[in-house]
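Since the structure comes first, as structure tokens, the remarks are kept for the end.
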Amino acid sequence: MNIDENYYREIDTIKRDIENKNFEVAINKLLKMLDIYGNQEDILFELGKTYFFYNKLSEAEKIFIDILKYKNKYSYIFLAKILKYKNDRKNLEQAILYLKQAKILFDNDIEIILELMECYLYLDNKKEVDFLMKDIDIKEVASNKHLASMLIGLLRKVGLVNYSIKLAESILEKDDNIKIKKEL
């Protein structure tokens, strides 16, 4: 079926439903859209995301595995989060394999590297976290407060104080926000 303006309007409406935690409404709308438009990447992605937030992790996992073929970085990240949530070595190792693939596919994307570092921390592999630090551009992370906060938290967990200080200094150079300074 042809994708039209209504398609994009409905996707936007569904995203608002998800933000407002109207998960059942979003799921029903997405299932109807699948019937009308078929297996479109954004419909499947939003459905997987909705299942994830609605804590229907097995459904979300199936969808994210299915849509990896579209090479959407957030599919890899959500899939890793689901596998990490299962909190066993086998699933964590599988999450790491997916994230290593995504790291190559998305040319050392910071969000993927941070997710990969977190998986290694769950496995108590601080050596790999330290090794991944060479792939991180501190200036790029410093420009995104959310990523910077995530990285500083990860660095504190592994005791890489020098890296976290360097990152905090880089952020403080660019930001005069008192709240950010106190947090750092």
Side-chain angles (χ1 to χ4, degrees), residues 1-123 132 140-141 143-154 157 183:
M1 169 133 308
N2 287 341
I3 294 176
D4 54 14
E5 285 183 35
N6 290 331
Y7 174 88
Y8 294 108
R9 255 185 266 139
E10 190 63 22
I11 291 289
D12 287 339
T13 302
I14 290 167
K15 286 179 180 181
R16 283 192 298 279
D17 287 332
I18 296 167
E19 287 172 14
N20 294 326
K21 298 181 180 150
N22 296 326
F23 301 125
E24 287 182 32
V25 171
I27 289 168
N28 288 333
K29 288 179 181 178
L30 286 161
L31 292 174
K32 285 178 188 173
M33 286 188 76
L34 281 174
D35 287 341
I36 296 168
Y37 296 102
N39 288 341
Q40 299 295 322
E41 176 187 1
D42 42 1
I43 296 172
L44 292 170
F45 179 76
E46 293 302 325
L47 185 59
K49 191 170 77 173
T50 306
Y51 281 138
F52 177 82
F53 291 130
Y54 199 38
N55 206 25
K56 294 183 178 272
L57 299 181
S58 61
E59 290 92 337
E61 181 179 2
K62 289 175 195 168
I63 290 171
F64 287 125
I65 287 171
D66 188 45
I67 63 175
L68 288 179
K69 63 186 171 216
Y70 295 115
K71 296 180 174 59
N72 175 321
K73 83 172 182 176
Y74 294 106
S75 296
Y76 286 89
I77 290 171
F78 274 108
L79 184 56
K81 288 181 183 300
I82 292 166
L83 293 170
K84 196 170 44 179
Y85 182 76
K86 292 180 179 184
N87 203 18
D88 65 63
R89 186 168 195 83
K90 180 182 168 205
N91 283 303
L92 283 167
E93 288 171 350
Q94 185 63 50
I96 288 169
L97 289 175
Y98 282 128
L99 290 168
K100 281 182 171 181
Q101 180 184 7
K103 183 178 175 280
I104 294 166
L105 191 63
F106 298 101
D107 195 30
N108 290 332
D109 181 86
I110 297 294
E111 290 177 276
I112 291 169
I113 292 171
L114 291 177
E115 199 65 42
L116 185 56
M117 290 170 85
E118 198 168 318
C119 286
Y120 280 124
L121 284 177
Y122 273 79
L123 290 174
L132 284 169
E140 183 181 343
V141 173
S143 66
N144 182 322
K145 292 177 188 111
H146 172 70
L147 293 178
S149 179
M150 274 181 67
L151 181 57
I152 289 170
L154 289 171
K157 285 181 186 177
E183 187 177 314

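These numbers come from a predicted model, not from an experiment. The residues of the chain are indexed from 1 along the displayed sequence.
Asn20 contributes a side-chain N or O that, together with a main-chain N or O of Arg16, makes up a donor-acceptor pair within less than 3.5 Å.
The number of heavy-atom neighbours closer than 6.0 Å to OH of Tyr85, taken from other residues, nucleotides and ligands shown, is 12 or below.
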Steps toward salt bridge (charged side-chain N to carboxylate O under 4.0 Å, His left out) verdict (Lys15, Glu19):
CA-CA 6 Å; Lys15 286 179 180 181; Glu19 287 172 14; over 6 Å; no
Applying side chain to side chain contact (heavy atoms under 4.5 Å, CB included) to Glu115 and Ile112, what does each step give before you reach the verdict?
CA-CA 5 Å; Glu115 199 65 42; Ile112 291 169; 5.7 Å; no
Report the C-alpha distance between Tyr76 and Leu79 in whole Å, list the side-chain angles of each, state the deciding distance to 0.1 Å, and finish with yes or no for side chain to side chain contact (heavy atoms under 4.5 Å, CB included).
CA-CA 5 Å; Tyr76 286 89; Leu79 184 56; 5.8 Å; no
Under the side chain to side chain contact (heavy atoms under 4.5 Å, CB included) criterion, do Leu123 and Glu93 qualify, and how do the steps go?
CA-CA 9 Å; Leu123 290 174; Glu93 288 171 350; 4.3 Å; yes
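When only modelled atom types and interatomic distance are considered, Tyr7 and Asp42 share a side-chain donor-acceptor pair under 3.5 Å. Side chain to side chain, Tyr37 and Asn6 fail the donor-acceptor criterion of an N or O pair below 3.5 Å. Judged purely by distance below 3.5 Å, without hydrogens or angles, the side chains of Asn91 and Lys84 never pair a donor atom with an acceptor atom.
Aromatic ring orientation, Phe78 versus Phe64: parallel (interplanar angle below 30°, classes split at 30° and 60°). Between Phe23 and Phe53, the two ring planes are parallel [angle under 30°; tilted spans 30° to 60°].
Electrostatic pairing of Lys86 and Glu61 counts as a salt bridge here, judged by a charged N lying under 4.0 Å from a carboxylate O. Looking at Lys32 and Glu10, no side-chain N of the basic residue comes within less than 4.0 Å of a carboxylate O on the acidic one, giving no salt bridge.
Considering Leu114, Asp109, Ile113 in turn, Asp109 is the only one that fulfils the side-chain contact (heavy atoms from CB on, under 4.5 Å) rule with Glu111.
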